[in-house]
2 protein chains.
Amino acid sequence: MENPDKTRLKSATLRRARGGSGRVKLDEVAELAGVSTATVSRAFNEPEKVSEAVRDRVMEAANALNWIPNAAGRALASSRTHIAGAIIPTLDNEIFAHQISGMQSVFAEHGFTLFLGCSNYDPAEGLKQVQAMLARGVEALAIVGENHPQELFDALRSRKVPYVVTYSYRQGSPHPSIGFDNGAAFREIVEHLLSLGHRRFAAIFQPEANNDRVKARLDGMRSALAKSNLAVATGDLCIGTSTMEFGAESFRLLMNRAADLRPTAIVCGNDNIALGALSAAAEMGLSAPMDFSITGFDDLTISSRLMPHLTTMKVDNQEIGVRAAKSLLSVINGDVTSPISVELKAQLKVRVSTGPLQRQ
Amino acid sequence: MENPDKTRLKSATLRRARGGSGRVKLDEVAELAGVSTATVSRAFNEPEKVSEAVRDRVMEAANALNWIPNAAGRALASSRTHIAGAIIPTLDNEIFAHQISGMQSVFAEHGFTLFLGCSNYDPAEGLKQVQAMLARGVEALAIVGENHPQELFDALRSRKVPYVVTYSYRQGSPHPSIGFDNGAAFREIVEHLLSLGHRRFAAIFQPEANNDRVKARLDGMRSALAKSNLAVATGDLCIGTSTMEFGAESFRLLMNRAADLRPTAIVCGNDNIALGALSAAAEMGLSAPMDFSITGFDDLTISSRLMPHLTTMKVDNQEIGVRAAKSLLSVINGDVTSPISVELKAQLKVRVSTGPLQRQ
DNA sequence: ATCCGGCATGTAAGCGCTTACAACCTCTTG
DNA sequence: CAAGAGGTTGTAAGCGCTTACATGCCGGAT
C-alpha cells in the first residue's frame with residue numbers, strides 16, 4: 001500500500017503542543033512516514049542508501065508536515081555547518097559588492113550560505129567579525145587584503161578553517177591569495193603616462209593606513225617614477241578620503257596654480273577619486289587630455305561611460321569572488337589541502353583621459 | 001587565592017585528543033576555572049548572576065584556552081540563533097548595498113550576524129534563499145519589495161519569524177513595510193516637469209516583471225500625466241535592462257528624430273538609466289536642460305557630481321536598513337509584537353538636468 | 001539445507017551548549 | 001537562636017539532529 005495510513009498522520013499532526021523551538025522536527029516526519037529517525041536523515045543526506053519506496057514515503061511526510069531541518073541540530077551532530085564567511089572593508093564600494101555577489105552565487109549553488117562582515121577598514125572590527133564567524137562555525141572564509149592582525153590569521157589557522165585573501169596578490173605573501181599585484185598595476189599606469197611624455201606627476205590617494213593595497217599602489221607608482229629619476233613632490237601628493245569630493249578638492253588644489261607649476265599627469269588611487277577630479281575639472285573649464293592627463297583604478301561601470309572616458313585599470317572582481325569561493329569549496333571537499341594562490345592581471349584600459357603631453 | 005592551580009590547567013590543556021569538532025569546549029573552560037559548566041555559561045550570558053571573582057576566573061580560563069563558544073550548541077540549547085537575514089535583488093546596485101550596510105551595522109552592534117541572500121529578481125530564487133535561512137534559524141528577515149510568492153510569506157508567518165518588506169511602502173499592503181511610496185514619488189517628479197511647462201513626455205524604464213516598485217513608478221507617472229490629459233506615447237516608452245547602456249541606446253532612439261518629434265521631458269526609472277542617457281546626449285552634442293529635461297531616481301553618489309547634475313529623488317537607503325534592523329530587533333526582544341510600517345519620504349532634488357521648456 | 005555477504009533499516013549515543021531545579025551559604029529578622 | 005530570604009553555584013536533562021554499530025532479511029554459493 002502506498003497510502004500512508006490516516007491514523008498515523010493524525011497522531012503526528014495533532015500532537016502539536018510541543019516545547020522547544022516549536023518547529024516540526026525530524027521525529028515527527030519519521031513517525032508519519034513510519035520509519036526511524038536515521039532513515040529520514042539518510043533519505044535527505046544520502047538518498048542512495050535508502051530504497052526508493054521508503055525515500056518517497058519520507059519526502060511525502062516531510063512535505064506534508066512542511067518540515068525544514070534544523071541547521072543547529074544538524075551542525076552539532078555532524079560538525080558541518082555549510083556556512084562560509086566573507087569579510088570586506090565596505091559594501092559602499094562597487095568592487096567589493098561585485099566580489100560578494102560572485103562568491104554568494106557560487107556558494108549558494110553548492111548549498112552554502114554566506115555570512116557577510118564589513119570591517120569599515122578597522123582591523124579591530126575585522127577581527128571581531130572573524131571571531132563571530134568562527135563561533136558560527138564557518139567552514140571557510142574569504143577576507144580582503146592581508147593587512148589584518150596576526151591574531152586573526154592565527155585564529156583561522158588554529159581552528160583549521162581554510163581561508164583566502166582576496167583582491168590583492170603579493171609575491172611571497174604567507175597567505176593563499178586570489179587577486180592582482182597592486183604594485184605592478186600602478187607601475188604599468190605610470191609607464192603609460194611616461195610613454196606619453198609626462199614628467200611632472202601629481203597623485204591623489206586614499207589613506208594607506210591598514211591598507212596593504214594602497215601601500216602597494218603608492219610603492220608601485222614611486223618605483224616606476226624613480227626609474228626615470230622622477231618623483232611626486234610633497235606638494236603634489238594629496239592623501240584623503242576615498243570620495244569624489246576629496247578628488248575634486250585635491251584637483252582644485254593642484255590646478256589652481258600658475259600653468260607652469262601644475263602637474264601634467266595626475267595618478268589617482270582609484271576611479272572614484274579620479275571621477276571627482278574630473279568633475280572639478282569640468283567646473284574649472286579644464287579638460288583632459290588637453291590640459292592634463294588623469295588615471296584611475298577599478299574601472300567602475302561609470303568610468304567607461306562618463307565623458308571624458310577614464311583611463312584606468314580593470315579588475316574583474318566578480319571573477320575574484322567566484323574563484324575564491326570555488327577554491328574554498330575544493331578545500332572543504334578535501335580535493336586540495338589548501339587554496340592555491342592565483343594572480344589575476346589587472347588590465348590597462350587606455351581611454352581619452354590620458355594623452356600626449358601638450359605643454360612643455 | 002586568585003591563582004588558578006597549575007595542575008588543573010595542565011590536565012585541561014593536555015587532554016587534547018578529543019573527538020567531535022576538535023574545538024575547545026565549554027567543559028574544559030569550566031574544568032580549568034574550577035567551576036561547573038552552568039557557571040561558565042552564566043558568566044558569559046548573564047554576568048550579573050555570577051560573583052566577580054568567579055567571573056574573572058572564568059574569563060581568564062576562557063582566554064587561556066582561546067575558547068570560542070559553539071553557536072550550534074548554543075542555538076540548539078536555547079533556541080536562539082542570533083542570526084538575521086536579508087534578501088535583496090542584487091548587490092550590484094548601490095542602493096541595496098547601502099541598505100545592507102545599514103542593517104549589518106545595527107545587527108552587529110546587537111550581537112546579531114547577518115545572512116545575505118540575492119534573488120537576482122527571480123522569485124523562485126528568493127524563495128529558495130528564504131528557506132535556506134529558515135533552516136538556519138534566522139530570527140528575523142528583511143526582504144526587498146513585496147513581489148514574492150505567497151508561499152514565501154506563508155513560510156515566514158507559520159514559523160512566526162518576524163519580517164519587514166523594505167524599500168517600498170504601499171498603503172494597504174498586508175506586510176509591515178519600511179520604505180517610500182514609489183507611485184507618489186513619480187507623481188512628484190512628473191508634476192515638477194509639468195510645472196516647468198513640459199507636455200511631451202518620454203520614459204525609459206527597467207522591466208516591471210516581478211518588481212512592484214517599477215510597477216508603482218510607472219503607475220505614478222501615468223496617473224500624474226493623466227490628470228493633465230497627457231500620456232506617454234507607445235513609441236516614447238522604452239523598457240529594458242537597468243543599465244547605462246540601455247539608457248544611452250534609448251536616448252538615441254528618442255532623440256534621433258526631427259526636432260518636433262522629440263520628447264522635451266524624459267522620465268527615467270532610475271539614476272543609472274538617466275546617467276546612461278546623459279552620456280549619450282553628450283556624445284550627440286545635446287545637453288540638458290537646453291535641449292531636453294531628464295530625471296532619475298535614487299540619487300546615486302555620482303548623480304550630484306556629474307555634469308549636468310541630475311534632477312532626481314533621494315532615498316536614504318542606509319536609513320531604511322537601519323530602521324528595518326531596529327524594528328526587527330524590537331520584535332525579537334518582545335518590545336512589540338510586529339514591526340510597524342514606516343513611510344519615508346523620497347526627496348525631490350531639483351538640479352540642472354531639468355529646466356523650463358525651451359521649444360514650443 | 002546451511003552459511004555468508006550485502007543491503008536496508010533501526011537503536012541509541014552523543015554533538016556543545018542552556019536552564020530549570022536543587023543545594024548550599026550567608027545574612028537578616030522576629 | 002530558629003527561620004526564612006536572597007544570592008551563588010552545581011546537577012542533569014534535554015535542544016534536533018547524525019552516525020557507528022547492531023539487526024534482520026534476502027539470495028546465491030557451498
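Order of the sequence lines sets the chain letters (A, B, ...), proteins ahead of strands, with each chain counted from 1.
Toward the 5′ end of DNA chain C lies the nearest nucleotide of A/Val54, the other residue of the pair A/Thr37 and A/Val54 mapping further downstream. With DNA chain D read from its 5' end, the first of the two nearest nucleotides for A/Ile68 and B/Ser51 is the one closest to B/Ser51. When the nearest nucleotides of DNA chain C are assigned to B/Ala71 and B/Arg42 by heavy-atom distance, the more 5′-ward of the two goes with B/Ala71.
Residue contacts for B/Arg80: at a heavy-atom cut-off of 4.0 Å it reaches no nucleic acid atom on any strand shown. Among the heavy atoms of the strands lying under 4.0 Å from A/Ser41 is at least one base atom, whether or not backbone atoms are also near. At the heavy-atom level, A/Thr39 lies under 4.0 Å from the strands shown only through sugar-phosphate atoms.
Between B/Asn45 and C/dT18, a side-chain N or O to OP1/OP2 separation shorter than 4.0 Å is present. Here A/Ser78 does not reach the OP1 or OP2 of D/dT18: none of its side-chain N or O atoms lies under 4.0 Å away.
Atom P of nucleotide C/dG10 and atom NZ of A/Lys49 are separated by 15 Å, given to the nearest angstrom. In this structure, A/Asp27 atom CG and C/dT11 atom P are separated by 13 Å, rounded to whole Å. Rounded to whole Å, the distance from CZ on B/Arg57 to P on D/dT9 is 8 Å. When rounded to the nearest whole Å, the span between CD of A/Glu46 and C1' of C/dT9 equals 13 Å. Between the P atom of D/dC17 and the CZ atom of A/Phe44 lies a distance of 10 Å, rounded to the nearest Å. If you take CG of B/Leu76 and P of C/dT19, they are 12 Å apart, rounded to a whole angstrom. A/Asn70 has its CG atom 7 Å from the C1' atom of D/dC17, to the nearest Å. Note: NZ (B/Lys25) to P (C/dG16) measures 4 Å, nearest angstrom.
Going from atom CD1 of A/Ile143 over to atom OG of A/Ser119 covers 7.5 Å, rounded to the nearest 0.5 Å. To the nearest 0.5 Å, atom CE of residue B/Met103 and atom CG of residue B/Leu328 are 6.0 Å apart. Here the CD1-OH distance, from A/Ile178 to A/Tyr167, works out to 15.0 Å after rounding to the nearest 0.5 Å.
Relative orientation of the B/His175 and B/Phe153 rings is parallel, given thresholds of 30° and 60° on the angle between their planes.
Here the side chain of B/Ala38 is nearest to one of C/dC17, C/dT11, D/dG10, namely D/dG10.
Side-chain atoms of A/Gln129 come within 3.5 Å of backbone atoms of A/Cys118 as a donor-acceptor pair (strictly under, hydrogens ignored).
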